[in-house]
Student: 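The structure that follows is given in the form of structure tokens.
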Amino acid sequence: MKLSQGFIATSLLACSHLARANTEKVIFIAPAAISSSEPYLKLETSFIDTLTPGNGSSFRTSLSVAFPSGANKRGIESWYLLDSLTPHQRYEVRICWPAIQPSEFWLDVHTLTHVLGDSSLSQSLSKHSASRKAVQTPAKRREYSNKSILLLHVQSTADYYTTNRTLMRNPPKVHADIILDPYLHNIVPKSLGFTAAYVVTLAICSWFLASLSLRSVQLPPAKVRQE
């Protein structure tokens, strides 16, 4: 039986949401709270964007990308501050971007101590913060004491090839959502909590329905004929 063109188009539209975006993520456990902020005042974080659990856990942005080269295999670097974390709780950070913008991302999280002790990371952080000065109002002086904080390091490259030389020299920015998602009891991401509960409820109901159906179709035991 041939399917109509309208039915095929409707089916494709219904499934289009399944491939609307790509996702990359990193899972980590928040470190203990910082006891003193004095050593970290050298870190320039006044102009970088901040993600916090709760209402500030999602951030929409446009990320610059570059084609990988011999000296720059991971493209453009950008930084974000993960603030007000709960010590020893599991989190994940996801970056989602449209599938129509082929790109590749690398996500890493670092403690402030590690960034401060690594010259390449601290220089990258300072460079990103300096590039943000022209487009963002500086935040108040950040206090690190008695807070669990991490720095998110994002590296992004364009992942396609075109004969358009202008596009190859200046690839467009990639529209992306960066999401900070805490885990419930360090087991499942909070955003999947409702889905997990739905699946468990559906499984339990299916088990009971299957048991009732099985009982209703069972035949009575056959009687043995006695001669």
Side-chain angles (χ1 to χ4, degrees), residues 23-64 74-97 105-156 173-194:
T23 302
E24 188 65 49
K25 68 179 179 180
V26 59
I27 301 173
F28 59 91
I29 295 178
I34 296 173
S35 59
S36 175
S37 62
E38 289 299 327
Y40 311 108
L41 296 181
K42 297 179 182 179
L43 290 174
E44 181 55 71
T45 60
S46 300
F47 294 92
I48 69 174
D49 296 300
T50 302
L51 285 85
T52 58
N55 295 332
S57 61
S58 179
F59 180 75
R60 178 159 293 181
T61 185
S62 296
L63 293 171
S64 299
R74 291 196 174 185
I76 306 297
E77 297 180 283
S78 54
W79 290 83
Y80 300 88
L81 184 69
L82 308 180
D83 198 0
S84 302
L85 304 176
T86 300
H88 312 300
Q89 181 174 355
R90 190 183 301 274
Y91 292 86
E92 74 175 30
V93 172
R94 299 189 301 273
I95 181 169
C96 307
W97 68 99
F105 292 91
W106 290 266
L107 305 181
D108 297 288
V109 290
H110 303 286
T111 62
L112 273 65
T113 304
H114 180 68
V115 174
L116 189 62
D118 190 306
S119 59
S120 61
L121 292 178
S122 58
Q123 290 174 8
S124 173
L125 175 62
S126 298
K127 181 179 178 181
H128 173 76
S129 183
S131 67
R132 298 288 297 169
K133 288 183 180 180
V135 296
Q136 183 169 323
T137 304
K140 295 181 180 179
R141 182 177 175 180
R142 288 194 169 108
E143 293 293 335
Y144 301 120
S145 297
N146 301 319
K147 298 173 71 176
S148 179
I149 294 174
L150 285 171
L151 287 166
L152 173 66
H153 185 204
V154 180
Q155 297 168 287
S156 49
K173 291 185 176 182
V174 176
H175 303 295
D177 288 330
I178 302 177
I179 304 165
L180 173 63
D181 198 1
Y183 273 53
L184 295 174
H185 305 291
N186 285 354
I187 298 175
V188 63
K190 185 178 180 180
S191 60
L192 295 180
F194 176 80

Student: Taking the side chain as C-beta and beyond, is there a heavy-atom pair between T61 and D49 under 4.5 Å?
Tutor: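 Side chain of T61 against side chain of D49, heavy atoms only: no contact under 4.5 Å found.
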Student: Which pairs pass salt bridge (charged side-chain N to carboxylate O under 4.0 Å, His left out) with one or both residues in residues 75-90, sequence neighbours excluded?
Tutor: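 Listed once each, the pairs are D83-K147.
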Student: Rounded to the nearest 0.5 Å, how far apart are CH2 of W106 and CD of Q155?
Tutor: 7.5 Å
Student: Below 4.5 Å, heavy atoms only, C-beta onward: do I95 and K25 meet side chain to side chain?
Tutor: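 Side-chain contact under 4.5 Å: no.
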Student: Does the side chain of L81 reach to within under 4.5 Å of the side chain of L51, using non-hydrogen atoms?
Tutor: no
Student: Whether the side chain of S145 engages the backbone of S37 through a donor-acceptor N/O pair (distance < 3.5 Å, no angle test) should be reported.
Tutor: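 Looks like yes, one N/O pair under 3.5 Å.
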Student: Judged by atom type as modelled, is there a donor-acceptor pair below 3.5 Å linking the side chain of S148 to the main-chain atoms of P31?
Tutor: yes
Student: For residues V115 and S122, report the shortest heavy-atom separation together with the two atoms involved.
Tutor: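 The pair with the smallest heavy-atom distance is O-CB, 3.5 Å.
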Student: Could you give the distance from CG (L43) to OG (S129), rounded to the nearest 0.5 Å?
Tutor: 10.0 Å
Student: Working to the nearest 0.5 angstrom, can you tell me the gap between I178 CD1 and S58 OG?
Tutor: 9.0 Å
Student: List for me each residue that meets side-chain contact (heavy atoms from CB on, under 4.5 Å) alongside S64, sequence neighbours excluded, and say none if there are none.
Tutor: I76, K173
Student: Does either side chain, that of Y144 or that of S36, offer a donor lying less than 3.5 Å from an acceptor on the other one?
Tutor: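 S36 and Y144 do not have a side-chain donor-acceptor pair below 3.5 Å.
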Student: In the structure I gave you, are the side-chain heavy atoms of W79 and S124 within less than 4.5 Å of one another anywhere?
Tutor: yes
Student: Which pair of non-hydrogen atoms, one from I27 and one from Y183, has the smallest distance, and what is that distance?
Tutor: CD1-OH, 3.4 Å
Student: Would you check if Q123 and S119 make a side-chain contact, meaning some heavy-atom pair closer than 4.5 Å?
Tutor: yes
Student: Using the rule given for salt bridge (Lys or Arg N to Asp or Glu O under 4.0 Å), can you reason through D177 versus R94, listing the C-alpha separation, both sets of side-chain angles and the distance that settles it, and then say yes or no?
Tutor: CA-CA 8 Å; D177 288 330; R94 299 189 301 273; over 6 Å; no
Student: Can you check whether L180 reaches P53 side chain to side chain, under 4.5 Å on heavy atoms?
Tutor: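 Of all side-chain heavy-atom pairs linking P53 with L180, at least one is under 4.5 Å.
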Student: Determine the minimum heavy-atom distance between L152 and L107, stating which atoms define it.
Tutor: CD1-CB, 4.4 Å
Student: Output, in order, the C-alpha distance, side-chain angles, deciding distance and verdict of side chain to side chain contact (heavy atoms under 4.5 Å, CB included) for I179 and F59.
Tutor: CA-CA 6 Å; I179 304 165; F59 180 75; over 6 Å; no
Student: Looking at D181, V26, L85, which one forms a side chain to side chain contact (heavy atoms under 4.5 Å, CB included) with Y91?
Tutor: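 Of D181, V26, L85, side chain to side chain contact (heavy atoms under 4.5 Å, CB included) with Y91 is met by L85 alone.
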Student: Measure the CD-CZ distance between E24 and F105 for me, rounded to the nearest 0.5 Å.
Tutor: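 With rounding to 0.5 Å, CD (E24) is 9.5 Å from CZ (F105).
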Student: Just verifying a value: how many Å separate I29 CD1 and Q89 CD, rounded to the nearest 0.5 Å?
Tutor: 10.0 Å
Student: Can you tell me how far the NE2 atom of H128 sits from the OG atom of S78, to the nearest 0.5 Å?
Tutor: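 Here the interatomic distance stands at 5.5 Å.
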Student: Are any of the side-chain heavy atoms of I149 and L112 separated by less than 4.5 Å?
Tutor: yes
Student: Just wondering, do Y80 and T50 contact through their side chains at under 4.5 Å, heavy atoms?
Tutor: no
Student: Taking H114's backbone N and O only, do any of them form a donor-acceptor pair with T111's side chain (distance below 3.5 Å, no angle check)?
Tutor: yes
Student: Please report the shortest heavy-atom distance between N186 and H88, naming the atom on each side.
Tutor: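 For N186 and H88, the tightest heavy-atom pair comes out as ND2-O, 3.5 Å.
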